[in-house]
Amino acid sequence: MKVLVTGGAGFIGSHLMRYLLENGYDAVALDNLTVGSRENLLPDMELIEADVLSDRLTGIVAQGRYDAIVHLAAQTMVNTSMDMPRFDAEQNIAGTINVMEAARDANVERVILASTAAAYGDVLETELPIKETHKRAPMSFYGLSKSVAEQYLDMYHKSFGIDYIVLRFANVYGERQGNGGEGGVISIFCNALAGGNDITIFGDGEQTRDFIYAGDIASGIAASLSAKPKAANVAYNLSTQTETSLRELVSVLGNIKGSPIIPKYGPERPGDIYKSMLSNGRAKRGLGWRPMMPLEEGLRRTYEYFKGITD
Ligand code: UD1
């Protein structure tokens, strides 16, 4: 199967490219290299340097004769979306439409869209783990643009018959995640600890997240590529369905580092949700997928990665 991975040189893309090539797929990355980088990929991986908003996209997709597109290229930061809603919409909504137009023109059979837990917005603790049928009530332009992009895929399916699978990711972590604005708490903590610096917990540390290793996201995407048509045209959460508090996270990182970590505490981040966990039953049943990476092993790999780049 020949697959085009938009955002293929980004954090999740780099895990997906490795997984697809190791598992016999013919995978090509497409990336504008603003957030992603060539170094995220292995030397023999094919990379097309182009933007998903480019007029060249249709020609690129037609020429490549792809069976499927995995659309990861996006504006992924909640804060950026609040500062620049129009930029966020251009990247995430217009970018998705451009990908769908290229897919339509070239008769691509299936498109997989990376979506997010942010599409659900804040939910009550009693509603955890969040199921796919839960209403979508985004609290940020990022959650909104991804939610709208999901609806575009559905409309393209209904109008032109292109199969799709929407994957709503929980909190993804792993090697090659940025530790700046686009980074998650795990990459920020691992980078700080590897460099001998302090970490700060915002709030009481009892907030929870559903942390999933990027390699498990890659296997979930691959399962979506090969899923039967009857499993398509629907959204799946990709998550571990396990809640881990920030205090627990810091304690596991202490085991990995080999010495206890004493975090600093700062004020709660405005707009933060408190508890988060996504149900993964539908993905287990529909895609025959399950997350495999234990948190401690995934954290060890991530810590070693940041140790490697800070040494
Ligand atoms: C994450 C995603 C976001 C997605 C959302 C869906 C990242 C970077 N963001 O946001 O794209 O829409 O999940 O649920 O992956 N924290 C600290 N100290 C730090 C950094 C963070 O205590 O130095 C705390 C935050 O205040 C928060 C928790 O860690 O309570 C998780 O933060 P973060 O990793 O940024 O992820 P989300 O906000 O959950």
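Note that the structure is a prediction, hence the values are computed from the model and not measured. When a ligand or atom number is given, it counts from 1 through the structure's own listing order.
Donor-acceptor pairing under 3.5 Å is lacking for the side chains of Tyr274 and Glu268. Checking Ser147 against Arg136 by side-chain atom types alone, a donor-acceptor pair falls below 3.5 Å. Side-chain atoms of Thr240 and Asp210 form a donor-acceptor pair, as typed in the model, at a separation below 3.5 Å. There is a side-chain donor-acceptor pair under 3.5 Å between Tyr120 and Asn237. In this model, a donor atom of one side chain and an acceptor atom of the other lie less than 3.5 Å apart for Asp88 and Gln75.
Contact check on Lys275 versus Glu243 returns no salt bridge, with no Lys/Arg side-chain nitrogen under 4.0 Å from an Asp/Glu carboxylate oxygen.
The residue Ile186 has no part lying near ligand 1, judged by heavy-atom distances below 4.0 Å. Under 4.0 angstrom from ligand 1, the non-hydrogen atoms of Leu246 all belong to its side chain. Contacts with ligand 1 closer than 4.0 Å are made by side-chain heavy atoms of Arg209 only, the backbone lying farther away. Both the backbone and the side chain of Val185 come within 4.0 Å of ligand 1, counting heavy atoms alone.
Ligand 1 has Phe189 within reach: a non-hydrogen atom of the residue lies less than 4.0 Å from it. In this structure, Ser276 has no heavy atom closer than 4.0 Å to ligand 1. Tyr142 counts as a contact of ligand 1, since one of its heavy atoms falls under 4.0 Å from the ligand.
Each of the following atoms of ligand 1 lies closer than 4.0 Å to a heavy atom of Gly184: 8 (C), 34 (O). Set against the non-hydrogen atoms of Ala118, the atoms of ligand 1 under 4.0 Å away are 6 (C), 12 (O). For ligand 1, the atoms closer than 4.0 angstrom to any heavy atom of Ile201 are 22 (O). Residue contact check: Ala117 has heavy atoms under 4.0 Å from atoms 6 (C), 14 (O) of ligand 1. The Thr116 neighbourhood of ligand 1 comprises atoms 4 (C), 6 (C), 12 (O), with distances under 4.0 Å to a heavy atom of that residue.
Nearest to atom 13 (O) of ligand 1 by heavy atom, out of Leu278, Thr208, Asn171, Asp122, is Asn171.
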For Asp67 and Lys2: C-alpha separation, side-chain torsions, deciding distance, then whether salt bridge (Lys or Arg N to Asp or Glu O under 4.0 Å) applies. CA-CA 5 Å; Asp67 301 297; Lys2 191 166 182 196; over 6 Å; no
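Pairs of residues two or more places apart, or lying in two chains, that qualify as salt bridge (Lys or Arg N to Asp or Glu O under 4.0 Å) and include a residue from residues 295-306 are Glu296-Arg300, Glu297-Arg301.
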May I have the list of side-chain donor-acceptor pairs in residues 9-21 shorter than 3.5 Å, sequence neighbours left out?
{"from": "Ser14", "atom 1": "OG", "to": "Gly10", "atom 2": "O", "distance (Å)": "3.3"}
{"from": "Ser14", "atom 1": "OG", "to": "Phe11", "atom 2": "O", "distance (Å)": "2.8"}
{"from": "Ser14", "atom 1": "OG", "to": "Arg176", "atom 2": "NE", "distance (Å)": "2.7"}
{"from": "His15", "atom 1": "NE2", "to": "Glu175", "atom 2": "O", "distance (Å)": "2.9"}
{"from": "His15", "atom 1": "NE2", "to": "Arg176", "atom 2": "NH2", "distance (Å)": "3.4"}
{"from": "Arg18", "atom 1": "NH1", "to": "Ser14", "atom 2": "O", "distance (Å)": "2.9"}
{"from": "Arg18", "atom 1": "NH1", "to": "Asn40", "atom 2": "O", "distance (Å)": "2.9"}
{"from": "Arg18", "atom 1": "NH2", "to": "Asn40", "atom 2": "O", "distance (Å)": "3.1"}

